[in-house]
Amino acid sequence: MTKYLEILDDQLELIKRSRRIVVSRIQEAIARRGICTIALAGGSTPKPLYEKLAQENLPWEQIHIFWGDERYVPADHPDSNQRMARQAWLDQVPMPPNNIHPMPTDAADPYLDAATYDATLRAFFGDQTWPAFDIILLGMGDDGHTASLFPQTAALAVSDRLITVGEKQGEPRLTFTVPLINAAHHIIFLVAGHNKQEALQQIFHSEADGFAYPSKLIEPDHGILWWLLDAAAGDRLTPHDTIYQTNPHPALQNKTILSPVPIPRS
């Protein structure tokens with residue numbers, strides 16, 4: 001596993017950097033296998049990234065879109081992650097409809113819909129025990145949750161399924177399980193805002209409790225983990241007290257703002 005921490009000046013630079021990385025990874029996957037699989041995040045932080053990706057000239061017929069989590073609401077609901085991504089990106093480009101694989105939320109039973117999406121992934125990826133997405137995009141809440149994996153919830157311990165049901169304040173959500181996320185080739189966290197500082201300090205500490213701060217559980221098996229933060233989120237982090245202190249890149253000698261490192265060619 002390779003880890004990269006980058007703290008960008010502001011959210012605009014965060015989106016510019018994430019756009020470069022995502023486009024590069026898409027192009028690499030297509031060059032290697034003729035296809036790229038991406039799992040999207042919800043929330044406000046990735047929306048401008050999706051709007052920028054809609055401006056790219058990419059081989060859309062070779063890109064397949066999935067979701068890493070979804071609120072258990074209809075697809076046209078204002079809170080739907082699918083709806084946001086379609087409006088910001090997917091409906092703006094000529095992507096074949098069959099290349100878009102949303103999480104179902106219409107069975108009136110989240111566990112049944114979770115099993116349906118689990119079957120969808122297994123049918124698409126074939127015999128892989130843990131399908132390896134080319135890219136999984138993640139956000140992080142101020143409580144340290146990611147996808148719909150919330151602190152001290154049963155979903156964190158699920159290791160025999162691809163999809164499970166997360167819960168926030170009694171409301172069900174569909175979510176990738178931790179092992180499925182960790183099987184990806186590239187996992188990219190996008191984190192912005194002062195309210196994320198406390199959780200990040202915990203997550204980046206070597207002794208942090210992953211069940212208290214679920215983003216800590218994201219440790220790819222063989223892939224690359226990217227943490228892209230804006231300065232507001234990463235202001236309190238230093239290389240001296242984080243799990244990233246062994247990264248040899250000279251930018252990590254800066255105590256507050258860590259300059260971007262080159263995109264690796266894995």
Atom NE2 of His222 with >12 non-hydrogen neighbours under 6.0 angstrom: no

Close side-chain approach of Ile63 and Met95, heavy atoms under 4.5 Å: yes

Ser148 versus Asp69, side-chain donor and acceptor atoms under 3.5 Å: yes

Within one Ile-Leu-Val-Met-Phe-Trp-Tyr cluster: Trp67 and Phe150, side-chain cutoff 4.5 Å: no

Asp209 side-chain N/O to Pro214 backbone N/O, donor-acceptor pair under 3.5 Å: no

Student check: side-chain heavy atoms of Ile26 and Leu58 closer than 4.5 Å: yes

Joint cluster assignment, Ile21 & Ile135, ILVMFWY side-chain distance < 4.5 Å: yes

Derivation of the side-chain contact (heavy atoms from CB on, under 4.5 Å) call for Leu121 and Leu180: CA-CA 11 Å; Leu121 296 185; Leu180 176 58; 3.9 Å; yes

Check: Arg71 and Asn81 side chains under 4.5 Å, non-hydrogen atoms: yes

Heavy-atom pair with the smallest gap, counting every atom of Asn182 and Ile187: CA-CD1, 4.1 Å

Euclidean distance, Leu5 CG relative to Leu229 CG, rounded to 0.5 Å: 5.5 Å

Audit row: Glu13, Arg17, salt bridge (Lys or Arg N to Asp or Glu O under 4.0 Å) steps and yes/no: CA-CA 6 Å; Glu13 291 301 315; Arg17 179 60 172 157; over 6 Å; no

Leu137-Tyr117 co-clustered via ILVMFWY side chain contacts under 4.5 Å: yes

Check ion pair Arg83-Asp91 (N to O, under 4.0 angstrom): no

Value rounded to 0.5 Å, distance of CD in Gln11 from CG in Leu190: 9.5 Å

Full working for side-chain contact (heavy atoms from CB on, under 4.5 Å) between Val165 and Leu174: CA-CA 5 Å; Val165 178; Leu174 304 188; 4.3 Å; yes

Donor-acceptor contact below 3.5 Å, side chain Glu70 vs main chain Thr105: no

same_hphob_cluster(Val23, Trp60) at 4.5 Å side-chain heavy-atom cutoff: yes

Rounded distance [0.5 Å steps], CG in Asp118 versus OH in Tyr111: 14.5 Å

Backbone N/O of Gln201 and side chain of Tyr213: donor-acceptor pair under 3.5 Å: no

CZ/Phe124: more than 12 non-hydrogen atoms of other groups inside 6.0 Å: yes

Criterion side-chain hydrogen bond (donor to acceptor under 3.5 Å, both in side chains) against Asp134, the qualifying member of His64, Arg25, Arg33: Arg33

Approximate separation, where rounding is to 0.5 Å, of Arg122 CZ and Thr129 OG1: 7.5 Å

Any donor-acceptor N/O pair, Thr177 side chain to Arg161 backbone, under 3.5 Å: yes

Closest heavy-atom pair and its distance - Ala184, Ile136: CB-CD1, 3.6 Å

Arg236 and Glu198: CA distance, side-chain angles, deciding distance, salt bridge (Lys or Arg N to Asp or Glu O under 4.0 Å) verdict: CA-CA 8 Å; Arg236 296 183 186 177; Glu198 182 178 350; over 6 Å; no

Side-chain (Glu6) to main-chain (Leu228) donor-acceptor, under 3.5 angstrom: no

Heavy-atom closest contact (Ala147 atom, Gly68 atom, distance): CB-O, 4.1 Å

Asn195 side chain vs Asp142 backbone, donor-acceptor pair below 3.5 Å: no

Any Thr45 side-chain heavy atom under 4.5 Å of Met140 side chain: no

Beyond-backbone contact of Pro102 with Ile100, side-chain heavy atoms, under 4.5 angstrom: yes

Any Ser159 side-chain heavy atom under 4.5 Å of Val178 side chain: no

Minimum side-chain heavy-atom gap Leu53-Val22 below 4.5 Å: yes

Gap between atom CG of Asn99 and atom CD1 of Ile65 - 0.5 Å precision: 8.5 Å

Any donor-acceptor pair under 3.5 Å from Ser215 side chain to Gly144 backbone: yes

Any donor-acceptor N/O pair, Thr120 side chain to Thr116 backbone, under 3.5 Å: yes

Donor-acceptor under 3.5 Å (Glu171 side chain, Tyr72 main chain): no

Spatial distance of atom NZ (Lys47) from atom CG (Leu40) [nearest 0.5 Å]: 14.0 Å

salt_bridge(Glu219, Lys3) N-O dist < 4.0 Å: yes

Worked check of ring pair (Phe, Tyr, Trp, His ring centres under 6.0 Å) between Phe133 and His185: CA-CA 6 Å; Phe133 281 84; His185 295 298; 9.7 Å; no

Heavy-atom donor-acceptor pair, Gln197 side chain to Ala232 backbone, under 3.5 Å: yes

Smallest separation among heavy atoms of Val191 and Leu14, with atom names: O-CD2, 3.8 Å

Close aromatic pair by centroid cut-off 6.0 Å: Phe66 and Phe176: no

Candidate pair Glu28 and His186, rule side-chain contact (heavy atoms from CB on, under 4.5 Å), full reasoning: CA-CA 12 Å; Glu28 179 194 68; His186 296 273; 3.9 Å; yes

Residues Phe204, Trp227; criterion ring pair (Phe, Tyr, Trp, His ring centres under 6.0 Å); working and verdict: CA-CA 10 Å; Phe204 279 53; Trp227 279 92; 5.1 Å; yes

Intermediate values then yes/no, side-chain contact (heavy atoms from CB on, under 4.5 Å), Tyr50 and Leu90: CA-CA 8 Å; Tyr50 300 158; Leu90 305 178; over 6 Å; no

Closest contact, heavy atoms only, Pro151 versus Ala212: CB-O, 3.4 Å

Nearest non-hydrogen partners of Thr164 and Ala155, listed with the distance: CG2-CB, 3.8 Å

Check: Ile218 and Thr146 side chains under 4.5 Å, non-hydrogen atoms: yes

Linked, directly or transitively: Leu149 and Val158 (ILVMFWY side chains, under 4.5 Å): no

